[in-house]
Structure formats: C-alpha cells, structure tokens
Amino acid sequence: MRRGPFLENLSKVNIKPEDIDFVMCTHLHADHIGWNTKLENGTWKPTFPNAEYLFAEKEFRFWRDTIEANPLEKFLYGAYDDSILPVISSGQAKIVRNDHDLGSGIFMEPAFGHTPGNIMVNVLSNNFHAKLCGDVLHHPIQLFYPKWYTNFCSDPQKAVNTRLNFLKNCANTNTIVLPAHFQPYHYGKIESDENSYIMNIG
Ligand SMILES: [Zn+2]
C-alpha cells in the first residue's frame, strides 16, 4: 500500500522501467521487495518488463519452502504473493548462487543473519567500490553499538557477526556503503574509532 516517488526519481535520471536489465533484492522482507511489481487494473505485474530478477538461492528457497509448507499462515504480510509470485509467473525470476557474479563488476556477497539468505550487492567500477548492504546496517545506532540487533533478525548472533565483519572490512577504506534504511545522507564511508564506527558522509 506504499506510495513513493521511486519511478519518478528514476525518470529524473533518465531511466525508464523498460531500461532496467537486472533487479536484485538483498532479502525478501516485505519492505525490500516492493517495486518488484506494481498494481495494474487490479493485477500485480512486474514493474520492469525487460529485467531478469535475480534471487539468491538460499533466501529464495527459505521463503518459498516456508510459505508452501504453511499455506494458512501469512508470512511477509502477504508480500510474497504480490511481489514475488508475479515475477515467477512472468518467467523473469532467476535463482542464482548466493555469491552470483554478473561479470560487469557487480556481484552478490552472502551476509546471512538478518534473514537466512540475506546478501549484499557489490558494485566495482575503476577504483570505485560500493556496497549496497541492505539491512546489515539497519539503523545508525548500530555504528555505535554493532552488537545491537533488531527483532526482525532471524538469527541475531549471525546477524551481529555479519555486521561486525562488514564494519571491520569497510572501516578506513574507500568503500562507500549504502544501507537500505538510513535517512539522508543515505551513504558514506565507514571510519573506525576503537570499538565503534562512524559513517563519514564527506
Ligand atoms: Zn528492511
């Protein structure tokens, strides 16, 4: 039921939905799979008609198997039905390895814990490296308290370990991190200070 300016924002940088060739979701929580599809005359249709939707296998199988095994329970607020199934029906879904490499400097990286098959998306271009880290960093407070986790983490200890590794590896490098839920500024570089971190937006 959300309405945001996502497609308008894309068109401001001259990208039309038909131009999109790949769609990747870090994980399949309801707030990360919206815009996979859109509601057209009462039917959910893929938003990006020419895209291949790449799903990391561990994450995809976990939710598919869980939902198929418990047909009477409502998982993901019903978002599997409206944001994943239409993409499977249209033939645009492709299940890939958890470390799938598109071969163009873009590759997935396992980051399990927040969900069973959570991944990050890496983007490499010349000397530039960005990590779309999804909910590995959920809230800025986790820079100061990396061991804090959310009640949405399926395996809290694994989520904490993944975050600690991620922060340690990114700290004091040129890697730009893009957490999914940060308010402006949406991205920055990680700097470390003893046991806590900051995100430098400069
Ligand atoms: Zn989220």
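As the structure lists them, so they are numbered: ligands from 1, and atoms in each ligand from 1.
The nearest N, O or S atom of H29 is not closer to the Zn ion (ligand 1) than 2.8 Å.
When only modelled atom types and interatomic distance are considered, K189 and N200 share no side-chain donor-acceptor pair under 3.5 Å. No side-chain donor from either of H29 and D135 sits under 3.5 Å from a side-chain acceptor of the other.
With the Zn ion (ligand 1) as vertex, H32 NE2 and D135 OD2 subtend 90°, rounded to 10°.
For the Zn ion (ligand 1), the nearest N, O or S atom contributed by D31 is named OD2.
Using a 4.5 Å heavy-atom threshold, the side chains of I106 and V121 count as touching.
Sparse packing is recorded around OH of Y187, with 12 or fewer heavy atoms of other residues, nucleotides or ligands lying under 6.0 Å away.
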